[in-house]
Amino acid sequence: MTKYPSIRAKVIDLDGNYCITCGSDKSIKLWNPLKSSLLKTYSGTGNEVLDAASSSDNAQIAAGGADRACTVFDVETGKQLRRWRTHGAQVNTVAFNEESSVVFSGSMDCTMQAFDCRSRSEKPIQIFNEATDGVLSIDVNGHEIVAGSADGSYRIYSVRDGNMTVDYQGDSVNSVSFTPDGNCILSGVMGGTVRLMDKSSGKLLASYKGHENTEYKLDCRVLQSIEHVASGSEDGFVYVYSLLDSSIAAKLEHPSKVVHSLSAHPKKERLMTAAGQMIYLWVADDDTEVLGE
């Protein structure tokens with residue numbers, strides 16, 4: 001069974017100016033990471049929040065967690081706009097489509113469900129039930145959705161032509177995402193392997209090893225420059241690998257043993273990480289906006 005730590009961190013703003021955290025205190029918090037300032041708290045989910053995502057216009061936040069519900073909040077007012085309770089188990093992951101009109105949620109009930117934010121319906125517009133174990137991670141890129149599952153596979157769904165492709169990874173797919181150019185899939189697999197896969201052919205392009213992952217759901221991401229891959233670990237570090245040759249380019253040390261959550265800045269070489277009860281912002285040595293001249 002994949003374990004979840006007490007706090008999750010997600011960079012949500014398309015410009016990277018804000019981030020949200022969620023966790024065991026049953027709330028979602030909006031921060032300005034450059035000033036370390038808390039801007040707003042969103043509550044009312046009823047239980048531990050396992051994932052949160054922002055709409056592309058930054059007007060809404062979707063959250064999912066142990067209450068088995070998918071909830072949408074208004075960012076400015078903090079009000080709950082929608083709440084769907086159609087999953088049969090905890091919701092592990094949520095994501096908006098690019099138009100912010102549909103929310104996708106993945107659950108331990110082995111389904112990914114899609115909800116229309118503009119409709120008043122209490123039911124999903126589509127249920128994807130191809131997974132044979134919990135859906136742990138979802139990412140959306142244009143008309144494509146990728147979902148990683150504890151059944152050892154990730155599935156790519158094309159909304160445009162109705163096709164689905166499956167790539168078997170051998171163990172629980174804890175984290176899955178499209179690369180910034182949309183051509184590849186980054187897959188973080190239980191056991192301590194991150195794989196870069198060609199989206200079209202399913203060919204393995206690179207494999208990254210060195211981090212530890214035997215218990216927790218850990219994130220991995222390709223950084224904005226598309227030169228590095230970052231992965232959480234259970235030994236107190238974030239491992240930054242060279243995308244091309246798979247070597248370890250850097251190890252970012254944290255005080256806590258499990259570094260489970262990370263998110264790459266959409267436009268700059270910055271990384272947000274979460275470990276224990278803390279969130280961290282990592283920047284390049286020449287980042288004058290954060291470090292000064």
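From a predicted model like this one, the values you see are computed outputs, not experimental measurements.
- Transitive grouping of hydrophobic side chains (ILVMFWY, heavy atoms separated by less than 4.5 Å) brings M278 and W282 into a common cluster.
- Looking only at distances, no side-chain donor or acceptor of Y208 sits under 3.5 Å from a matching main-chain atom of S231.
- Hydrophobic cluster membership is shared by V166 and M112, with clusters built from Ile, Leu, Val, Met, Phe, Trp and Tyr side chains linked at under 4.5 angstrom.
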Can you check side chain to side chain contact (heavy atoms under 4.5 Å, CB included) on L186 and C220, steps first, answer last?
-> CA-CA 8 Å; L186 192 71; C220 58; 3.9 Å; yes
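- I138 and F128 fall within a single hydrophobic cluster, where Ile, Leu, Val, Met, Phe, Trp and Tyr side chains are chained together by heavy-atom contacts under 4.5 Å.
- A distance-only check finds no donor-acceptor pair linking the side chain of D235 to the backbone of E212 [under 3.5 Å].
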Take L271 and L262, measure what side chain to side chain contact (heavy atoms under 4.5 Å, CB included) needs, and give me the verdict at the end.
-> CA-CA 7 Å; L271 190 67; L262 57 83; 4.2 Å; yes
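- With respect to R155 and D151, a salt bridge is recorded, a charged nitrogen being found less than 4.0 Å from a carboxylate O.
- Minimum interatomic distance between A206 and S246 (heavy atoms only, all atoms of both residues): CB-OG, 4.0 Å.
- Looking only at distances, a side-chain donor or acceptor of K217 sits under 3.5 Å from a matching main-chain atom of N174.
- L136 and M108 get closest at one heavy-atom pair: CD2-SD, 4.1 Å.
- When atom types are taken as modelled, the side chain of S177 and the backbone of R221 share no donor-acceptor pair closer than 3.5 angstrom.
- Under the 3.5 Å distance criterion, the side-chain polar atoms of R195 are matched with a main-chain donor or acceptor of Q169.
- Residue D161 qualifies as enclosed at atom CG: its count of foreign heavy atoms under 6.0 Å is above 12.
- Judged purely by distance below 3.5 Å, without hydrogens or angles, the side chains of S207 and K209 never pair a donor atom with an acceptor atom.
- Hydrophobic clustering keeps Y157 apart from Y154 (ILVMFWY residues linked when any side-chain heavy atoms are closer than 4.5 Å, directly or through intermediates).
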Test side chain to side chain contact (heavy atoms under 4.5 Å, CB included) on L223 and V229 and set out the steps.
-> CA-CA 6 Å; L223 299 190; V229 171; over 6 Å; no
Go through S175 and S137 one step at a time and tell me if the side chain to side chain donor-acceptor pair (under 3.5 Å) criterion holds.
-> CA-CA 5 Å; S175 176; S137 179; 4.6 Å; no
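- Ring pair H87/F115 is perpendicular by interplanar angle, where above 60° counts as perpendicular and below 30° as parallel.
- Between D287 and K268 there is no salt bridge, since no side-chain N of the basic residue sits under 4.0 Å from a carboxylate O of the acidic one.
- Under the 3.5 Å distance criterion, the side-chain polar atoms of T93 are left unmatched by any main-chain donor or acceptor of G106.
- Between the side chain of S247 and the main chain of S242, no donor-acceptor pair closer than 3.5 Å is present.
- D51 places a side-chain N or O within 3.5 Å of a backbone atom of V94 that can act as its donor or acceptor partner.
- One side chain, W31 or T21, offers a donor N or O that lies under 3.5 Å from an acceptor on the other.
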Worked check of side chain to side chain contact (heavy atoms under 4.5 Å, CB included) between V140 and F104 | CA-CA 9 Å; V140 181; F104 297 91; 4.0 Å; yes
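- The hydrophobic clustering, which links ILVMFWY residues whose side-chain heavy atoms are closer than 4.5 Å, places V176 and L196 apart.
- Panel note: side chain T71, backbone T45; no donor-acceptor pair is recorded below 3.5 Å.
- Of all the heavy atoms in A95 and A53, the pair that sits closest is CA-CB, 4.1 Å.
- The shortest non-hydrogen separation linking Y216 to V258 is CE1-CG2, 3.7 Å.
- Note: Q80 CD to T77 OG1 = 10.5 Å, rounded to the nearest 0.5 Å.
- Of all non-hydrogen atoms in S119 and S121, the two that sit nearest each other are OG-N, 2.9 Å.
- In this structure the side chain of I156 never reaches within 4.5 angstrom of the side chain of M197, judged on heavy atoms.
- Taken from CE in M190 to CG in L218, the straight-line distance is 7.5 Å, to the nearest 0.5 Å.
- Atom SG in C184 sits 11.0 Å away from atom NZ in K203 (nearest 0.5 Å).
- Judged purely by distance below 3.5 Å, without hydrogens or angles, the side chains of D74 and Q60 never pair a donor atom with an acceptor atom.
- In this structure, a donor-acceptor pair under 3.5 Å is present between the side chains of S101 and N97.
- Paired with D67 under the rule side-chain contact (heavy atoms from CB on, under 4.5 Å), one option of Q90, K26, R83 passes, and it is R83.
- No donor-acceptor distance shorter than 3.5 angstrom exists from the side chain of T41 to the backbone of K29, with no hydrogens or angles considered.
- Between E76 and K40 there is no salt bridge, since no side-chain nitrogen of the basic residue lies less than 4.0 Å from a carboxylate oxygen of the acidic one.
- Between V103 and C117, the closest heavy-atom pair is CG2-SG, 3.3 Å.
- Y280 and H254 have perpendicular rings, their planes meeting at more than 60° on a 0 to 90° scale where under 30° would count as parallel.
- No hydrogens or angles considered: a donor-acceptor pair under 3.5 Å links the side chains of S225 and E269.
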